[in-house]
Amino acid sequence: MPTEALRTNPLREGLTSRTMPDPCTLVIFGATGDLTHRKLIPALYNLAADGALPPAISVVGFARRDKTDEVFRTELEAAARKFSRQSLNDELWKSFASCVSYHRSEFDKFEGYQDLARKLDELDAARGTCGNRLFYLAASPDQFEVILENLRKSGLNKAREGSWARVIVEKPFGTDLPSARGLNDLVQNAFDESQTYRIDHYLGKETAQNIMVLRFANSIFEAMWNSRYIDHVQITASEPLGVEGRAGYYDKSGALRDMVQNHLLQLLCLTAMEPPAGLDADSIRDEKVKVLRSLRPLTGDDVFKHVIRGQYSAGAINGKRVAAYRDELNVDPGSTTETYVALEVNVDNWRWAGVPFFIRVGKRLPKSGTEIAIHFKSVPPVLFKATGESIDDNVLVIRIQPDEGISLRMSAKMPGSSLRIEPVKMDFHYGTSFGKATPEAYERLLLDAMSGDPTLFARRDEVEEAWKFVDAIHAAWATRSDDLAFYSSGSWGPGEADELITRHASTWRRL
Amino acid sequence: MNSSRAMPQPGDACNSVNVTFDPGLPVEIGKIEKELGHLWESSDDTKTRASLINFIVYTEDTESLTADTEVISAVAGKHACRAILIMANPHAPVSEAKAWISAHCHLAGKGERQICSEQITFRLDGDSAHALPNIVFSHLDSDLPLCLWWKAEFPEPLDEKLWGWVDRLIFDSSTWKNPAHQFSIIRHLSSSDTTGRVLCDLDWTRLHAWRFALAGMFDHASAFPCLSRVESLRLQCAPGKRTTGLLLLGWLASRLNWKPSGEGDSFLTADGTAIPFVIDDVPGPNLSLLSIHCGDALFELELAESGDFFESRIHAPGTRDTRQILPAGRSKIADTLLSELSRSGRHPLYTKSLELILPLLGK
């Protein structure tokens with residue numbers, strides 16, 4: 001005699017994991033590309049290995065090259081073996097690979113999408129994927145328009161009743177505000193905002209997610225998180241790599257568009273935002289948008305006072321000689337594209353009045369690292385003045401990558417009969433404290449998109465506000481280029497960037 | 001002290017330290033902290049002393065000391081700790097207490113920096129075994145959580161002072177000789193607790209992969225309604241490991257609002273329908289198969305021979321049969337402990353499940 005039918009799965013209660021996403025088919029456009037091989041497939045395999053994927057899932061690779069399912073799977077296996085966080089287990093890979101297939105078509109051939117629709121219906125019937133579709137635009141951005149248009153024309157953007165269709169859009173979301181608006185309009189011709197997931201993989205990193213917990217779950221920090229106690233904030237993203245085969249894209253983009261518009265402004269938002277009303281996606285994104293709207297616009301001459309752009313010249317990285325940017329393959333020899341940018345940004349609101357945010361990002365810098373450093377104000381120079389000791393300010397560092405963690409610098413007395421004050425560091429490492437590997441950002445983000453949780457994805461207004469800020473800088477740069485500073489590869493950037501922060505009586509942190 | 005274990009050199013790759021049992025450097029019990037200080041002063045700059053928890057292992061089995069030290073080493077590699085290994089023999093004719101100190105160092109990341117945890121080993125014979133609370137209290141790293149892995153049957157009466165200090169009490173019900181009695185002690189600990197102590201049964205921790213996989217099988221909207229049509233259950237357990245199967249059944253019963261029938265071989269649904277279950281003795285892992293019959297539908301979860309994977313099978317009329325390979329988690333004791341230590345919070349479903357299976361344990 002059956003009891004009343006259940007409305008939710010009661011077995012989920014108490015498990016540390018979230019509810020498994022609905023069965024679905026993930027269609028990857030640009031399935032033979034680097035992103036698919038290095039990030040998406042390893043992330044999907046890791047989700048499968050953690051038992052986080054639903055039993056009924058299909059992955060369809062959509063690309064132009066001619067190949068069989070078998071060849072496609074073999075290529076993906078090689079990539080997964082190389083890039084997966086967890087080592088590949090043959091049995092699990094076999095099980096996962098059985099859900100992967102390949103669909104060959106030109107992106108601009110409508111028939112290819114009609115064939116895809118038929119294939120997805122067959123997969124629904126064969127694998128029980130229930131008509132749920134997640135389209136991942138991992139192709140080159142110049143293909144987005146044609147893909148989205150064909151998805152719309154073929155009706156793939158519309159889900160059957162009781163099913164869903166979503167789209168994940170990879171960055172860059174345009175190259176400026178008009179193109180971002182154009183892309184957003186294009187996406188929304190096919191998918192409405194609730195179906196659209198703009199991926200910024202920085203938001204999927206554990207440490208980025210931890211910023212809110214650090215700030216709003218620890219009374220010792222939040223009480224001091226304002227202009228009364230904080231002197232300035234430094235946000236850094238450095239890498240020793242050059243353009244590495246991305247010259248075609250990068251020479252048009254530059255560091256400001258490639259990194260600041262998305263990743264670094266997102267980190268700034270998480271650092272500067274007010275406590276959200278709730279943990280739902282829109283409450284958090286509303287607060288981030290408020291920060292972007294509070295950014296003091298940098299226009300005209302202010303750009304040249306508060307923004308330093310640089311380009312790497314020849315130098316050495318890890319003891320090896322490397323070429324100047326202008327000598328890289330496929331780079332215009334007269335290029336004025338910035339490979340380094342340092343900005344002094346002000347958030348004009350009550351909390352942050354008078355607290356500059358210094359942002360720097362660059363290629364061919366000595367080491368790789370992304371961090372947010374909160375520099376607290378100095379203690380009054382009274383008590384220890386007579387001893388002649390200089391006291392370093394307290395600095396709270398949130399390391400986003402690598403070696404995710406948090407450290408706090410403070411002053412301590414050195415053992416001994418005399419009074420000597422030295423800075424000491426308290427360090428928290430994710431790896432040693434929690435004893436388990438942190439999932440890759442793409443794992444979290446793919447799972448969120450499958451589950452319909454947009455919290456860690458950028459909303460349209462966030463993207464457009466960020467472009468508005470960045471476009472004003474580009475507009476000023478377009479008037480002249482004599483401000484472009486050069487720095488040797490392997491150095492920490494141009495001297496002008498040091499002067500930018502020296503004006504605030506500070507120096508860039510040594511990573 | 002075994003210096004190669006205590007202070008390995010960079011490049012030793014001591015991520016897993018294999019040792020035959022050597023407790024380390026013998027020390028006077030009253031001078032342990034001082035000797036530990038000397039140990040660290042003599043180490044080089046590549047080693048960092050770290051501690052995030054107090055991890056105490058209590059055993060009365062002298063044969064397990066080597067294995068216990070290996071487990072401590074594995075735990076220290078992921079959770080830097082002050083480890084205290086206590087080997088007690090309360091029945092020894094002569095009363096004696098001895099102590100040793102050593103360290104476990106693990107390479108951190110790709111560099112040469114090593115994170116080192118210290119271990120204090122005690123041997124408590126005869127009456128000295130009653131000094132256990134004092135030994136524990138006087139050698140804890142202050143302010144850090146205390147995790148006690150109790151590798152013996154729980155004594156009665158319980159020393160409330162000792163248990164009151166424990167933040168996380170770890171035990172393994174699958175090793176108990178008299179589970180009915182031991183579970184009743186656990187129930188007492190649980191019901192009398194006012195300190196927020198977490199009770200961690202490693203056999204329950206092992207069942208996490210089972211529960212996770214089973215929840216996944218019923219996640220889909222077309223599957224979970226079957227849970228209200230369960231007609232019977234069948235499990236395969238290793239001989240003598242019936243409690244493992246019962247714990248899983250207790251969990252299912254708690255989730256589906258079933259009560260024990262009093263017959264010892266069935267549960268009753270809220271409307272009084274009997275759900276019979278059968279536990280077959282099959283040599284092998286503690287638990288190897290669960291079949292859930294829901295009318296015409298059959299849901300099966302079977303542990304692969306290797307023990308690394310589950311095969312989940314769903315057969316339901318009118319739909320395509322589904323088969324999936326799912327991770328079964330690692331079965332080594334160190335992995336189970338690490339999994340438990342990585343998880344925060346209490347196990348409310350464990351105590352609920354326990355309540356439901358207590359009437360079945362003696363049957």
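Lettering of chains follows the sequences in order, A, B, ..., and the numbering in each one begins at 1.
- For B:Asp296, the CG atom sits in a loose shell: 12 or fewer heavy atoms of surrounding residues, nucleotides or ligands are nearer than 6.0 Å.
- Here the CG-CG distance, from B:Asp308 to A:Leu92, works out to 9.0 Å after rounding to the nearest 0.5 Å.
- Of the atoms belonging to A:Asp50, it is backbone heavy atoms, and not side-chain ones, that fall under 4.5 Å from chain B.
- In terms of heavy-atom proximity, B:Pro327 sits nearest to A:Gly51 at CG-N, 3.4 Å.
- Interface remark: B:Phe309 contributes side-chain atoms only to the contact with chain A (heavy atom separation under 4.5 Å).
- Taking CZ of B:Phe212 as the start and CG of A:Leu11 as the end, the distance is 12.5 Å to the nearest 0.5 Å.
- Nearest heavy-atom pair across B:Ile325 and A:Glu91 is CD1-OE2, 4.1 Å.
- Neither the backbone nor the side chain of A:Cys99 comes within less than 4.5 Å of any heavy atom in chain B.
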